[in-house]
Enquirer: 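Structure incoming, see below.
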Amino acid sequence: MSAPQIDPARETSEPQLTVDELAARVGVTVRNVRAYSARGLLPPPRMVGRTGYYGREHVARLLLVREMLAEGYSLAMIERTLASAPPTASSATLALHRALLAPWLPPEPEITTGAELAARAGVPEQPEVVDQLVELGLVQRLDDGRLRVLDPALLMAGLQVVGLGVPPAALIAAQAQVNEHVRAIARTYVQMFVDTGWRAFVEAGAPRERLDEILATVTRLQPVAAQAMLAAFRTEMATEVEAAVETALSQLEEE
């Protein structure tokens, strides 16, 4: 379905700006506007013939992008933040979404190649391993053949495990199972926050005077949840290692 046609000369309460007027209104270059649009940071304009016209939502989104850039966000991080936000979110909603999501975003993605990954792991290059990483959602293929690693910290941990002699395929299979468990754990902690803090905040109309309190809670939740999960993991790991060692020793005695 084609976009509805508009008459830019018609007087309405909704501003209809050309790309040059939009750039001037926000204080950025036309080149930047086009670059942001290409990355999906701006909704597409309304087209009249071959001319695109922009409205309030574009101004608000462009101001938010400029603000996030000024705060030190990279374009890749802005893209990930906006991609997970509701498509019709207002600028205020986007700002709240950004603030709540920021503490949880992974580090900046890393661009590499399959050969470089294999060299860092000290194993021969295996295209099927890269296919598994892509399927797992840890790596994306770029048009030029390179790879975008979405969570370099997780990759580094994986390379260290491979360095211990664990075959990459075995590690990937294990990580897929771990991801399922971690997803369930994350859902448990988030639901706890929603039930005990967030719901009351929303029901109260999201008062601005309580926003700092909510953001502080979200920021503190990550390290506290990670610490609790690590402590539980350490206990369970010790139990599993002990059981495995006892089983192995029993087998040796039988032999």
Side-chain angles (χ1 to χ4, degrees), residues 12-17 21-29 32-33 35-37 39-46 54-109 150-151 153-154 182-233:
T12 67
S13 58
E14 171 71 15
Q16 299 298 330
L17 309 171
E21 293 168 338
L22 174 66
R25 171 78 66 90
V26 179
V28 299
T29 66
N32 282 342
V33 173
Y36 301 156
S37 296
R39 296 189 70 122
L41 303 183
L42 293 178
R46 295 182 180 182
Y54 301 82
R56 286 193 180 89
E57 63 174 339
H58 300 94
V59 173
R61 179 64 65 88
L62 198 52
L63 286 171
L64 182 62
V65 170
R66 193 183 68 174
E67 178 185 341
M68 293 179 72
L69 287 171
E71 292 177 0
Y73 287 82
S74 67
L75 283 176
M77 186 171 290
I78 296 173
E79 184 177 0
R80 282 182 288 168
T81 301
L82 296 182
S84 59
T88 58
S90 65
S91 58
T93 301
L94 283 172
L96 178 60
H97 177 271
R98 174 198 63 189
L100 292 172
L101 188 62
W104 306 92
L105 290 175
E108 187 72 12
L150 300 182
D151 193 338
L154 181 58
V182 171
R183 189 175 299 113
I185 293 170
R187 188 177 298 115
T188 298
Y189 276 107
V190 170
Q191 191 60 49
M192 176 188 67
F193 167 71
V194 169
D195 291 340
T196 60
W198 178 254
R199 182 168 292 132
F201 173 70
V202 172
E203 290 175 351
R208 289 186 173 273
E209 61 271 16
R210 290 190 54 197
L211 181 57
D212 288 343
E213 170 192 342
I214 291 294
L215 295 180
T217 300
V218 171
T219 302
R220 290 196 301 267
L221 181 60
Q222 182 187 39
V224 170
Q227 183 179 4
M229 188 170 66
L230 178 59
F233 174 75

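The residues of the chain are indexed from 1 along the displayed sequence.
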Enquirer: Can you tell me how far apart CZ (Arg183) and OG1 (Thr188) are? Round to the nearest 0.5 Å.
Expert: 12.5 Å
Enquirer: State, yes or no, whether a side-chain contact exists between Leu41 and Leu75 at a heavy-atom distance under 4.5 Å.
Expert: yes
Enquirer: Nearest 0.5 Å, please: how far is CE in Met229 from OH in Tyr189?
Expert: 7.5 Å
Enquirer: Would you name the heavy atoms of Ala204 and Arg210 that are closest together and state the gap between them?
Expert: CB-NH1, 4.5 Å
Enquirer: Give the intermediate values and the outcome of side-chain contact (heavy atoms from CB on, under 4.5 Å) for residues Met192 and Leu221.
Expert: CA-CA 11 Å; Met192 176 188 67; Leu221 181 60; 4.2 Å; yes
Enquirer: About how many Å separate CZ of Arg66 and OH of Tyr36, when rounded to the nearest 0.5 Å?
Expert: 9.5 Å
Enquirer: For Leu42 and Ser37, which heavy atoms make the closest approach, and how far apart are they?
Expert: CD1-OG, 3.5 Å
Enquirer: Would you please test Leu230 and Gln227 for side-chain contact (heavy atoms from CB on, under 4.5 Å) and show each step?
Expert: CA-CA 5 Å; Leu230 178 59; Gln227 183 179 4; 5.8 Å; no
Enquirer: Checking side chain to side chain contact (heavy atoms under 4.5 Å, CB included) against Leu69, which of Leu64, Ile78, Val28 comes through?
Expert: Ile78
Enquirer: Would you say that Val59 contacts Leu17 through its side chain, given a criterion of any heavy-atom pair below 4.5 Å between the two side chains?
Expert: yes
Enquirer: Going from NE2 on His58 to CZ on Arg46, what distance comes out if it is rounded to the nearest 0.5 angstrom?
Expert: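 CZ of Arg46 is found 8.5 Å from NE2 of His58.
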Enquirer: Any idea how Phe201 and Trp198 line up, ring-wise: parallel (<30°), tilted (30 to 60°), or perpendicular (>60°)?
Expert: tilted
Enquirer: Between Glu21 and Gln16, which heavy-atom pair has the shortest distance, and what is it?
Expert: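 What the structure gives for the nearest pair is OE1-O, 3.9 Å.
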Enquirer: For Pro43 versus Glu57, what's the shortest heavy-atom pair and its separation?
Expert: CG-OE1, 4.1 Å
